Amino acid sequence: MSVPTTRLTEFALRVALTVTKPQMTAKDNKATTDAEEANNASGAGQYRKDLYPKHLIAPMLEVESSARAYIAKNTLQGVLPTAKFMEFAENLARYETQFNQAVTVFLNNYTSTLAEAQHKQGSLFDLGLYPDTSTLRARFSWSVSYAPVSDRSAFAKLLAPMEEAAAQHLSDAISKQVTQQQDSLVGA
């Protein structure tokens with residue numbers, strides 16, 4: 001008796017998390033030049049200054065790291081059984097909420113962040129490296145994409161079919177993703 005071959009694409013999705021943040025450091029040409037001149041050096045290195053306090057960035061990095069660990073623990077090399085999609089998407093959404101909360105805290109402290117940067121950086125402070133809050137907010141993003149898996153595998157035999165509610169949730173998530181991508185292309 002032969003076992004029917006099942007396509008993995010019917011039972012699995014590839015999950016990808018994309019997180020963007022603004023530039024967190026900047027090369028300071030003046031400080032680099034000053035250090036080289038003071039030490040009779042050339043091309044010896046670069047002075048890099050931190051633009052934002054680490055204690056405000058750390059929560060975002062921690063949430064991203066936790067989300068990536070969750071993905072790694074609950075997928076097989078980024079491949080998610082579609083039967084687990086609903087639970088997985090709901091749990092992953094909690095990380096997005098935490099990330100957005102950390103971004104809000106960061107933005108709520110932006111005025112004091114600029115004052116602290118100006119104080120710490122002294123004559124190295126360059127306001128041009130710091131965007132306004134709306135531009136800065138747009139540089140933070142969190143995007144989870146789900147794509148069909150294109151290969152065939154015995155792995156598919158182990159996966160259960162997706163429930164109807166999960167299929168609808170997946171369809172909505174993909175539609176939202178496509179709409180966001182189209183909107184970003186039109187807005188660019």
Side-chain angles (χ1 to χ4, degrees), residues 1-26 50-52 54-107 131 133-188:
M1 181 173 166
S2 66
V3 176
T5 304
T6 306
R7 291 180 36 191
L8 182 61
T9 56
E10 296 173 19
F11 299 101
L13 297 166
R14 184 160 304 282
V15 179
L17 172 62
T18 305
V19 178
T20 61
K21 296 172 280 305
Q23 179 179 343
M24 298 293 166
T25 62
D50 294 330
L51 299 178
Y52 305 106
K54 291 185 184 341
H55 72 277
L56 290 176
I57 300 301
M60 289 176 257
L61 299 176
E62 185 179 315
V63 171
E64 178 183 358
S65 177
S66 295
R68 292 189 187 285
Y70 176 80
I71 292 170
K73 181 180 178 184
N74 290 281
T75 65
L76 181 60
Q77 297 180 347
V79 176
L80 173 72
T82 53
K84 300 279 189 181
F85 174 75
M86 291 290 287
E87 177 185 354
F88 181 87
E90 287 174 12
N91 288 333
L92 199 54
R94 291 183 184 112
Y95 292 105
E96 181 178 9
T97 299
Q98 292 172 9
F99 179 81
N100 288 328
Q101 289 170 341
V103 169
T104 299
V105 168
F106 176 84
L107 294 173
T133 53
S134 62
T135 302
L136 184 60
R137 175 60 183 112
R139 292 182 183 172
F140 289 98
S141 71
W142 180 284
S143 175
V144 179
S145 60
Y146 300 93
V149 177
S150 59
D151 66 351
R152 298 172 187 244
S153 167
F155 177 63
K157 296 174 188 173
L158 303 173
L159 304 175
M162 186 185 318
E163 297 173 1
E164 188 173 317
Q168 183 60 48
H169 189 79
L170 173 61
S171 177
D172 293 345
I174 291 172
S175 295
K176 179 181 173 187
Q177 178 182 340
V178 168
T179 301
Q180 287 173 340
Q181 289 173 342
Q182 289 173 341
D183 290 346
S184 70
L185 290 175
V186 172

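Predicted model only: the values in this text are computed from it and were never measured.
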field: Non-hydrogen atoms of Phe99 and Ser141 that approach each other most closely
entry: CE2-O, 3.9 Å
- prompt: In terms of heavy-atom contacts, does NZ of Lys21 have more than 12 from other residues, nucleotides or ligands at under 6.0 Å?
  reply: yes
- prompt: How many angstroms lie between NZ in Lys176 and OG1 in Thr179, if you round to the nearest 0.5 Å?
  reply: 10.0 Å
- line: Here the gap from Thr75 atom OG1 to Gln77 atom CD, rounded to the nearest 0.5 Å, amounts to 8.5 Å
- line: Minimal heavy-atom distance between Pro22 and Leu136, with the atoms involved, is CG-CD1, 3.5 Å
- line: Closest non-hydrogen contact found for Leu17 with Ala67 is CD2-CB, 3.9 Å
message: I need the minimum non-hydrogen distance between Tyr146 and Leu80, along with the two atoms involved.
response: CE2-CD2, 4.4 Å
query: Any idea how Tyr70 and Tyr95 line up, ring-wise: parallel (<30°), tilted (30 to 60°), or perpendicular (>60°)?
result: tilted
query: Rounded to the nearest 0.5 Å, how far does CG of Asn91 lie from CG of Asn74?
result: 7.5 Å
query: Does the Ser66 side chain pair with the main chain of Glu62, one donor and one acceptor, at a distance under 3.5 Å?
result: yes
query: Quick one: does Trp142's side chain get under 4.5 Å of Val103's, heavy atoms only?
result: no
message: Can you see whether Ser143 engages Thr18 through a side-chain donor-acceptor pair at a distance of less than 3.5 angstrom?
response: no
statement: On a heavy-atom basis, the closest approach of Met24 and Phe140 is CE-CE2, 4.4 Å
- line: Rounding to 0.5 Å, atoms CG (Leu107) and CG (Leu56) come to a distance of 10.0 Å
query: So, do Ile57 and Met60 sit near enough that their side-chain heavy atoms are less than 4.5 Å apart?
result: yes
message: Could you check whether Glu64 pairs with Arg68 (Lys NZ or Arg NE/NH1/NH2 to Asp/Glu carboxylate O, under 4.0 Å)?
response: yes
